[in-house]
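What follows is a set of notes on a single structure, which appears directly below.
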Amino acid sequence: MKAIVCAVVLMFLKSLLLSQYKLAAALSNHTERSALLAFRDQITSDPSGVLKAWNNSIDFCKWHGVTCGRKHPGRVIALDLASGGMAGAISPAVGNLTFLRKLLLMENGFNGDIPKTIGHLHRLQHFNMSFNSLHGSIPASLANCSDLRVLDFSANKLTGMIPVELGYLPKLDQLVLDNNSFVSVLPSSLGNLSSLTILSINCGLGSGSASYCLHGNIPEELGNLAKLRLIDVSGNMLSGTMPPSLFNLSLLHTLAVAVNQLHGKLPPSIGTTLLHLEAFKLAGNRFTGPIPVSLSNASSLSVVELSQNNFGGQIPPEIGRAGNIWYFNLEINQLEAYDAGDWMFMDSLTNCSSLQMWALDENKLAGELPSSIANLSIELQYIYLGGNHISGSLPSGIQNLANLYTLDMTLNQLTETIPEGIGKLQNLQFLGLSSNKIIGHIPASLGNLTQLASLYLDDNDLERSNPFITGEHPETE
Ligand SMILES: *[C@@H]1O[C@H](CO)[C@@H](O)[C@H](O)[C@H]1NC(C)=O
Ligand SMILES: *[C@@H]1O[C@H](CO)[C@@H](O)[C@H](O)[C@H]1NC(C)=O
Ligand SMILES: *[C@@H]1O[C@H](CO)[C@@H](O)[C@H](O)[C@H]1NC(C)=O
Ligand SMILES: *[C@@H]1O[C@H](CO)[C@@H](O)[C@H](O)[C@H]1NC(C)=O
Ligand SMILES: *[C@@H]1O[C@H](CO)[C@@H](O)[C@H](O)[C@H]1NC(C)=O
Ligand SMILES: *[C@@H]1O[C@H](CO)[C@@H](O)[C@H](O)[C@H]1NC(C)=O
Ligand SMILES: *[C@@H]1O[C@H](CO)[C@@H](O)[C@H](O)[C@H]1NC(C)=O
Ligand SMILES: *[C@@H]1O[C@H](CO)[C@@H](O)[C@H](O)[C@H]1NC(C)=O
Ligand SMILES: *[C@@H]1O[C@H](CO)[C@@H](O)[C@H](O)[C@H]1NC(C)=O
Ligand SMILES: *[C@@H]1O[C@H](CO)[C@@H](O)[C@H](O)[C@H]1NC(C)=O
Ligand SMILES: *[C@@H]1O[C@H](CO)[C@@H](O)[C@H](O)[C@H]1NC(C)=O
Ligand SMILES: *[C@@H]1O[C@H](CO)[C@@H](O)[C@H](O)[C@H]1NC(C)=O
């Protein structure tokens with residue numbers, strides 16, 4: 001008898017629990033579904049029509065872009081509507097999808113603000129809103145999304161301050177805020193993001209896209225980000241010097257601070273502390289002092305973009321030793337060369353078998369071009385050496401560089417004749433030799449250059465009897 005009563009009571013309890021569980025599940029299903037519907041209702045444009053099928057006759061877990069959890073059936077863990085051409089606001093109801101781990105709405109036309117209710121998404125790990133038209137500022141409530149690993153708001157119209165609270169996201173791995181219109185400093189709290197590997201707040205100033213940007217100094221605390229591999233704060237209005245601690249981040253492969261108002265000298269040891277450096281972009285600042293010789297120790301170095309600064313002294317003689325540089329731009333600086341020793345860097349650049357771009361124009365380079373120019377990479381497309389004091393002849397070995405598009409040696413002190421072999425540069429589109437002291441006749445082989453669109457030979461001592469000045473051929477200017 002007792003046993004039967006017990007069994008009945010147990011069964012009753014079990015069914016009560018089960019029905020309570022069902023009730024809870026029904027309630028949570030209702031919350032999730034209505035949050036999704038509220039989200040849908042704010043979308044004003046859905047060119048591919050995927051949201052038409054977001055209706056009550058279909059389980060919401062099967063709606064396009066919606067993923068529910070396996071452990072938590074009926075809980076939305078991912079909402080992925082990337083590249084759907086959608087427009088409209090983001091409903092604050094999205095904050096009710098509390099199991100959400102991924103919110104991927106990039107490459108649409110979402111506008112309006114980022115709802116503050118995002119802060120309810122404690123499980124959010126991956127939040128990508130890049131390439132939309134979001135306005136307003138980043139809500140400080142994001143700091144509540146303590147599981148966040150990836151945050152990408154690049155290419156929107158966000159304004160205002162970058163919230164200090166972003167520094168309270170202990171698991172953040174990638175913070176990408178490129179191409180917005182913040183009016184902000186770089187918060188020093190970002191130095192707390194001990195998991196960060198990518199920090200990119202390239203405002204795009206100088207490329208025409210931005211009008212407001214980051215100002216103030218680069219905080220020293222960023223040097224605490226020991227796992228950082230990429231930092232790009234180019235195209236802003238940052239001033240002051242680079243905090244020395246940044247040059248200690250031994251895992252960095254990209255250091256980009258181009259187009260700012262930074263000044264100061266580079267530490268001599270940079271190439272040994274930043275051993276993994278691949279892209280080194282400091283162009284368009286006010287840096288001074290020499291280019292550290294130690295850079296040749298960074299054996300992965302492939303992009304050297306130090307143009308438009310006030311770097312002086314000699315170009316490190318072994319800069320190309322490791323052979324990986326393909327982009328080498330030091331134009332518009334105060335770099336010096338006087339004798340063959342100062343041009344040794346050219347010999348080392350012959351090791352760079354992928355070199356495509358080589359620009360040293362508007363410096364203070366004198367002396368003769370070494371004949372090793374003949375051994376530069378066959379892939380070389382651009383040589384800019386104009387506005388220096390280079391003397392001697394244009395080495396005949398130049399004819400080896402069969403893929404050259406541009407050879408600009410305008411405004412130098414070249415003497416002797418133009419080598420006949422120049423006619424072998426079948427891809428040449430631009431040849432600038434104006435304002436030198438070149439003599440002799442213009443090689444007839446120039447007539448072979450069918451791609452040549454610009455030829456500048458004026459202000460030299462060339463003989464008058466030349467076929468180009470009398471007509472028939474590419475524009476002579
Ligand atoms: C979101 O949750 C709040 C609080 O539980 C509730 O008041 C609101 O109606 C919900 N919104 C939607 C669209 O479900
Ligand atoms: C819901 O969407 C499905 C899939 O597009 C469609 O077949 C169905 O007719 C829709 N139901 C209603 C009530 O709109
Ligand atoms: C809640 O939704 C999930 C997934 O659609 C479904 O499996 C489950 O049966 C629903 N629960 C209730 C009580 O409606
Ligand atoms: C963030 O978390 C704090 C503390 O848990 C809470 O008081 C606050 O309401 C939360 N804000 C949001 C937007 O979730
Ligand atoms: C965010 O989405 C864009 C566009 O699809 C993509 O290019 C970018 O890599 C994503 N960001 C991150 C940090 O994964
Ligand atoms: C930022 O804008 C520039 C210039 O319009 C563009 O070249 C670059 O690709 C953009 N980057 C991103 C991440 O949107
Ligand atoms: C974060 O950084 C700020 C400023 O650098 C510091 O004052 C604060 O104590 C740090 N907070 C945490 C949680 O680490
Ligand atoms: C850089 O690292 C070295 C060696 O770990 C250390 O002695 C030095 O103080 C660090 N410099 C800065 C500016 O953090
Ligand atoms: C840097 O390279 C030079 C050779 O140019 C070498 O002597 C030196 O040991 C290297 N330094 C380090 C730290 O690797
Ligand atoms: C070219 O590379 C080889 C092999 O890495 C190296 O031994 C040599 O010193 C380099 N030559 C120059 C001129 O840098
Ligand atoms: C070019 O390289 C070849 C083979 O390494 C070498 O024999 C020749 O001397 C070099 N020429 C010049 C001008 O440096
Ligand atoms: C280039 O032009 C010259 C003179 O016009 C001609 O003799 C020669 O065969 C041509 N060479 C090449 C490589 O096209």
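Order of listing sets the numbers, starting from 1, for every ligand and every atom in it. Hydrogens, waters and symmetry mates play no part in the numbers below; they use all other heavy atoms, side chains included.
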Pro244 neighbourhood, listing ligand 8 atoms whose heavy-atom distance to it stays under 4.0 Å
13 (C)
Looking at Ser245, which atoms of ligand 8 are within less than 4.0 Å of one of its heavy atoms?
13 (C), 14 (O)
Any non-hydrogen protein atom below 4.0 Å of atom 7 (O) of ligand 10?
no
Ion pair Asp147/Lys171, N-O distance below 4.0 Å:
yes
Among Ile398, Leu446, Leu457, find the one that has a side-chain contact (heavy atoms from CB on, under 4.5 Å) with Ile418.
Leu457
Under 4.0 Å from one or more heavy atoms of Asp347, ligand 10 contributes atoms 13 (C)
Which protein heavy atom lies closest to atom 5 (O) of ligand 9, and at what distance to 0.1 Å?
Arg321 NH1, 2.6 Å
Check for me whether the distance between the ring centres of Tyr382 and Phe430 falls short of 6.0 Å.
no
Quick test: of every protein heavy atom, which one is nearest to atom 11 (N) of ligand 9, and how far off is it to 0.1 Å?
Asn297 ND2, 2.5 Å
Can you spot which of Asn192, Val150, Leu151 makes a side-chain contact (heavy atoms from CB on, under 4.5 Å) with Leu172?
Leu151
Nearest protein heavy-atom contact for atom 2 (O) of ligand 8: which residue, which atom, what distance?
Asn248 ND2, 2.2 Å
To the nearest 0.1 Å, how far is atom 1 (C) of ligand 10 from its closest protein heavy atom, and which atom is that?
Asn351 ND2, 1.4 Å
For Ser348, counting its heavy atoms only, list the atoms of ligand 10 lying under 4.0 Å from any of them.
12 (C), 13 (C), 14 (O)
Identify the heavy atoms of Gly284 and Asn309 that sit nearest to each other, and give their distance.
N-ND2, 3.8 Å
Here's a test for you: under side-chain contact (heavy atoms from CB on, under 4.5 Å), which of Thr254, Asn179, Val176 qualifies with Ser200?
Val176
Hey, which of Asn236, Asp232, Asn180 is the one that makes side-chain hydrogen bond (donor to acceptor under 3.5 Å, both in side chains) with Asn202?
Asp232
Counting non-hydrogen protein atoms only, what is the nearest one to atom 13 (C) of ligand 9? Give residue, atom name and distance.
Thr272 CG2, 3.3 Å
